[in-house]
Enquirer: 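One structure follows; several queries about it will come next.
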Amino acid sequence: MADTTASKQLSSISGGNIITDMKNLSSILKTRRTKTFAYGFMFAFVAFTIFLAFSPSPNSSSPWFTNIFSTSTSTASSDSHRSQFSSIFSYFLPNNTSAATSQEQGRDFSSMPSQNTTRSNTTLSPNSRTEVKDPISVKNLTQSTVLQPNRTSNSSVVIIEPAFANNQTQTAVNSDKGQVLKPNQTTVANPSTIQVAANQSENTPTKSGSLVKEGSGNQDKGDAGKTVSSNFTATLEKKQSNATKQSNESNSGKEVKRGLDNRVHNLANCDFFDGEWVKDDSYPLYKPGSCSLIDEQFNCIINGRPDKDYQKYKWKPKGCTLPRLNPRHMLDMLRGKRLVFVGDSLNRNMWESLVCILKGSVKDQSKVFEVNGRHHFRGEASYSFLFKDYNCTIDFFVSPFLVQEWEMPEKDGSMRETLRLDLVGRSSSQYKSADIIVFNTGHWWTHDKTSKGKDYYQEGSHVYNELNVLEAFRKALTTWARWVDANVDPMKSLVFFRGYSASHFSGGQWNSGGQCDSEAEPIKNVTYLRQYPPKMLVLEKVLRNMKTHVTYLNVTQMTDYRKDGHPSVYRKQNLSPEERKSPLHFQDCSHWCLPGVPDAWNEILYANLLVNEKQKQQAQKRHR
């Protein structure tokens with residue numbers, strides 16, 4: 001009885017509380033404003049529901065109403081309808097799980113790995129995937145969606161957990177379409193987007209972290225308010241692709257740079273002039289006949305030379321590999337600079353060679369021209385080619401002795417030609433501030449006046465009755481060396497001196513019927529080479545005593561091999577066979593056909609510039 005009485009009292013108390021609560025609620029709802037708000041909210045909800053139900057969208061990101069009212073060819077079981085309606089609640093409550101449905105299907109999702117959504121660079125691998133088997137075959141998957149964190153679905157799923165790799169690239173086969181992963185398939189995902197199935201819209205809301213594949217007719221939607229547009233996705237994919245490409249190019253560029261650095265290091269310790277000529281069909285460096293500025297004297301092909309093999313040789317030092325001259329790279333090194341050749345017609349040979357090599361790499365040929373409009377390059381004191389896009393000039397100054405040719409008045413009023421051994425060339429003030437200067441002299445010291453030395457050499461007002469040519473050569477070079485030390489800034493300018501270029505007259509000299517027109521191959525046996533010229537020993541001694549560092553381009557031996565490379569009888573056009581063989585029309589066995597031997601001199605010059613650039617970079621690093 002006591003228990004029954006107590007139970008009634010408790011029931012009465014509980015009932016009383018409930019009735020009181022209902023009355024309080026009723027009093028609140030009686031206010032007009034509250035009623036208006038409640039009816040308005042119900043009306044808006046019903047209207048919104050009807051609108052979504054009868055306005056299906058092809059966009060897979062539209063809510064589940066489309067699937068509720070549409071007819072599906074797949075099996076429509078009561079279980080699938082329950083899963084669809086359960087997804088209604090997950091649509092409004094994203095973090096809820098369809099636990100009841102999962103239990104009805106007899107599945108346990110508690111062991112599934114949680115998805116990390118804070119990392120963006122992901123690699124999806126088969127080892128990181130947890131599969132939930134389902135009677136529905138994976139081959140029949142037609143839709144895929146991306147679940148938000150902590151969400152599951154009752155439909156058949158494959159959850160792929162991201163595994164993070166160090167070097168990640170985007171592999172996108174048919175990237176414009178979605179892709180359903182097959183069993184044991186690995187894909188590399190975009191850091192910001194994950195590939196979806198083929199029939200899923202590009203506008204599907206995505207979150208990095210997990211990728212889920214579902215059976216047909218069963219979808220679980222992400223946050224509809226955070227839809228990523230297809231343009232944005234495409235932009236991100238494009239940026240990722242570009243970043244990957246740039247990374248690959250950067251890595252490739254670094255490898256090339258490291259290789260170049262190693263080669264440059266080897267070049268710094270290499271004797272470029274101890275080597276041999278080897279056949280290389282990739283040469284010459286420019287197409288024969290393509291360079292209109294080549295002087296007729298050097299243009300052997302235009303002048304009718306029938307053989308071409310002399311153009312196919314490259315110089316190969318024994319101690320290193322000489323890099324092929326890259327004209328664009330050399331122009332980059334010369335950007336904003338001035339390179340000057342000073343000397344005799346052999347330096348003109350080298351100057352024309354370099355201008356032709358570099359000019360051929362410029363797309364707009366109209367932006368490479370001689371600044372004074374000249375088209376022939378003999379007879380004037382100087383020439384200058386401007387490469388407008390690079391703001392650099394390559395000049396040539398005529399100075400065959402490097403000191404001044406002079407005239408002394410005679411008692412009878414006539415003028416006597418002399419050579420002022422104590423005065424540097426007249427044009428010296430015009431090139432002393434150039435960035436790179438290449439000097440030479442030699443061939444004119446073999447002529448009659450200079451070799452005999454009678455009443456020709458002058459210092460001050462004194463004219464020597466007779467002076468040995470080697471002594472005169474030493475005096476002239478000493479005058480030149482003092483001028484360089486006093487006028488050329490070694491911190492700004494690089495100075496080179498190209499040595500004596502060998503001649504190959506047979507049966508006489510240049511003015512006495514010497515010939516070389518029968519030569520078609522280089523000398524291959526070192527024993528046939530001539531002795532090192534005594535004048536070059538004088539030059540080496542002068543260079544050693546200079547304050548300014550001068551790089552000696554010792555081309556004497558390398559040119560001595562090349563008896564096949566001279567213009568010989570092909571120094572002019574329109575000569576008959578008889579004229580070609582006539583001693584009155586001297587053969588040219590001193591200069592070189594272009595393309596030809598001087599191209600190799602310029603490759604050595606290029607190698608020296610590479611070494612100098614590398615040394616400058618190293619010096620700058622040490623001073624930081």
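Sequence positions, counted from 1, serve as the residue numbers for this chain.
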Enquirer: Might you confirm whether atom CZ of Arg335 has over 12 heavy atoms from other residues, nucleotides or ligands at distances under 6.0 Å?
Expert: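 Check passes, neighbour count above 12.
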
Enquirer: Under a 4.0 Å threshold between the charged nitrogen and the carboxylate oxygen, would Asp560 count as salt-bridged to Arg562?
Expert: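 No, no charged N to carboxylate O under 4.0 Å.
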
Enquirer: Side-chain contact, heavy-atom cut-off 4.5 Å: Phe439 with Leu402?
Expert: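 When only atoms from C-beta onward are counted, Leu402 and Phe439 do touch, with a gap below 4.5 Å.
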
Enquirer: Check the pair Trp592, His566 against side-chain contact (heavy atoms from CB on, under 4.5 Å), reporting the backbone distance first and the verdict last.
Expert: CA-CA 4 Å; Trp592 303 96; His566 300 289; 3.2 Å; yes

Enquirer: Output yes when Lys449 and Glu417 qualify as a salt bridge under the 4.0 Å nitrogen-oxygen rule, no when they do not.
Expert: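 Answer for the salt bridge query: yes.
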
Enquirer: For Gly442 and Asp344, work out which heavy atoms get closest and say how close.
Expert: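 That closest heavy-atom pairing would be N-OD2, 3.9 Å.
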
Enquirer: Strictly by ring pair (Phe, Tyr, Trp, His ring centres under 6.0 Å), give each pair with a member in residues 288-314 just once, sequence neighbours left out.
Expert: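 Ring pair (Phe, Tyr, Trp, His ring centres under 6.0 Å) check on residues 288-314 returns Phe298-His591.
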
Enquirer: Are Tyr431 and Trp483 an aromatic pair, judged by ring center distance below 6.0 Å?
Expert: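 Aromatic pair counts; centres sit under 6.0 Å.
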
Enquirer: Between Ser282 and Arg324, do the side chains contain an N or O donor and an N or O acceptor separated by less than 3.5 Å?
Expert: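 Distance-only check passes for Ser282 and Arg324.
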
Enquirer: Should Arg474 and Glu471 count as an ion pair when the cut-off is N to O under 4.0 Å?
Expert: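 Salt bridge present between Arg474 and Glu471.
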
Enquirer: Treating Glu380 as the side-chain partner and Phe377 as the backbone partner, does any N or O pair qualify as donor plus acceptor under 3.5 Å?
Expert: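 Between the backbone of Phe377 and the side chain of Glu380 there is no qualifying donor-acceptor contact (under 3.5 Å).
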
Enquirer: Indicate whether any N or O donor in one side chain lies under 3.5 Å from an N or O acceptor in the other, for Tyr532 and Glu540.
Expert: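 Yes, Glu540 and Tyr532 have a side-chain donor paired with an acceptor closer than 3.5 Å.
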
Enquirer: Report, as yes or no, whether the 6.0 Å neighbourhood of atom CD on Gln618 holds more than 12 heavy atoms from other residues, nucleotides or ligands.
Expert: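 Above 12, so yes.
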
Enquirer: Please say whether more than 12 non-hydrogen atoms of neighbouring residues, nucleotides or ligands are located less than 6.0 Å from CZ in Arg338.
Expert: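 Result for CZ/Arg338: enclosed.
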
Enquirer: Are more than 12 heavy atoms from other residues, nucleotides or ligands located less than 6.0 Å from atom NZ of Lys492?
Expert: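 Atom NZ in Lys492 is crowded, with more than 12 foreign heavy atoms closer than 6.0 Å.
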
Enquirer: Just do the side chain to side chain donor-acceptor pair (under 3.5 Å) check on Ser353 and Asp599 with the steps written out, would you?
Expert: CA-CA 6 Å; Ser353 162; Asp599 300 338; 2.4 Å; yes

Enquirer: Side chains of Asn347 and Arg498: any donor to acceptor distance under 3.5 Å?
Expert: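 Yes - a donor-acceptor pair under 3.5 Å links their side chains.
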
Enquirer: Less than 4.0 Å between a side-chain N and a carboxylate O, is that true for Lys454 and Glu466?
Expert: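 Between Lys454 and Glu466 there is no salt bridge, as every charged N stays at least 4.0 Å from the carboxylate O atoms.
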
Enquirer: Dump the intermediate steps for side-chain contact (heavy atoms from CB on, under 4.5 Å) on Val340 and Val438, then the final yes or no.
Expert: CA-CA 6 Å; Val340 175; Val438 182; over 6 Å; no

Enquirer: Shortest non-hydrogen contact from Ser590 to Ser501?
Expert: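 Smallest interatomic distance, heavy atoms only, reads O-OG, 4.4 Å.
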
Enquirer: Side chains of Thr446 and Ser451: is there a donor and an acceptor less than 3.5 Å apart?
Expert: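 Side-chain D/A pair, Thr446 to Ser451: absent.
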
Enquirer: Are the side chain of Asn299 and the backbone of Asp295 linked by a donor-acceptor contact shorter than 3.5 Å?
Expert: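 Such a contact is absent between Asn299 side chain and Asp295 backbone.
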
Enquirer: May I ask you to decide if Leu421's main-chain N or O and Glu459's side chain share a donor-acceptor pair within less than 3.5 Å?
Expert: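 Side chain of Glu459 to backbone of Leu421, a donor-acceptor pair under 3.5 Å: no, none is there.
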
Enquirer: When you check the gap from the basic side-chain N to the acidic O, do Glu519 and Lys563 get nearer than 4.0 Å?
Expert: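 A salt bridge is present here (some side-chain N lies under 4.0 Å from a carboxylate O).
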
Enquirer: Taking all heavy atoms of Pro595 and all of Gln311, pick out the closest pair and write down the distance.
Expert: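 Heavy-atom minimum between the residues: O-CG, 3.9 Å.
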
Enquirer: For side chain to side chain donor-acceptor pair (under 3.5 Å), just list the numbers for Asp395 and Ser384, CA-CA rounded to whole Å, side-chain angles, deciding distance to a tenth of an Å, and then say yes or no.
Expert: CA-CA 4 Å; Asp395 304 345; Ser384 178; 2.5 Å; yes

Enquirer: For this output row, return yes or no: ring centroids of Phe497 and Trp480 closer than 6.0 angstrom.
Expert: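 Yes, close enough.
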
Enquirer: For the NZ atom of Lys475 and the CG atom of Leu419, what is their distance to the nearest 0.5 Å?
Expert: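 Lys475 atom NZ to Leu419 atom CG measures 12.5 Å (nearest 0.5 Å).
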
Enquirer: With a sphere of 6.0 Å drawn around NE2 of His375, does it hold more than 12 non-hydrogen atoms of other residues, nucleotides or ligands?
Expert: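 No - once you tally the heavy atoms of other residues, nucleotides and ligands closer than 6.0 Å, there are 12 at most.
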
Enquirer: List the residues meeting disulfide bond (SG atoms under 2.5 Å apart) with Cys320, not counting sequence neighbours, and say none if there are none.
Expert: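 So Cys320 forms a disulfide bond (SG atoms under 2.5 Å apart) with Cys270.
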
Enquirer: May I ask you to check if Arg348 and Phe397 form a cation-pi contact, with NZ or CZ under 6.0 angstrom from the six-membered ring centre and within 45° of the axis?
Expert: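 No cation-pi geometry.
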
Enquirer: Could you tell me whether the side chain of Thr556 and the main chain of Tyr500 form a donor-acceptor pair under 3.5 Å?
Expert: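 Here the side-chain-to-backbone pair exists.
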
Enquirer: Would you mind checking if Asp281 and Lys312 are paired as a salt bridge, meaning a charged N to carboxylate O distance below 4.0 Å?
Expert: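 Salt bridge absent between Lys312 and Asp281.
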
Enquirer: Counting only heavy atoms from other residues, nucleotides and ligands, does the tally under 6.0 Å from CD of Gln531 exceed 12?
Expert: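 At most 12 heavy atoms, drawn from other residues, nucleotides or ligands, come within 6.0 Å of this atom.
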
Enquirer: Report the distance from atom CG of Asp485 to atom OG1 of Thr548, rounding to the nearest 0.5 Å.
Expert: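 Going from CG on Asp485 over to OG1 on Thr548, the span is 4.0 Å.
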
Enquirer: Contact between Lys314 and Val278 at the side-chain level, heavy atoms closer than 4.5 Å - yes or no?
Expert: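 SC-SC contact between Lys314 and Val278 confirmed.
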
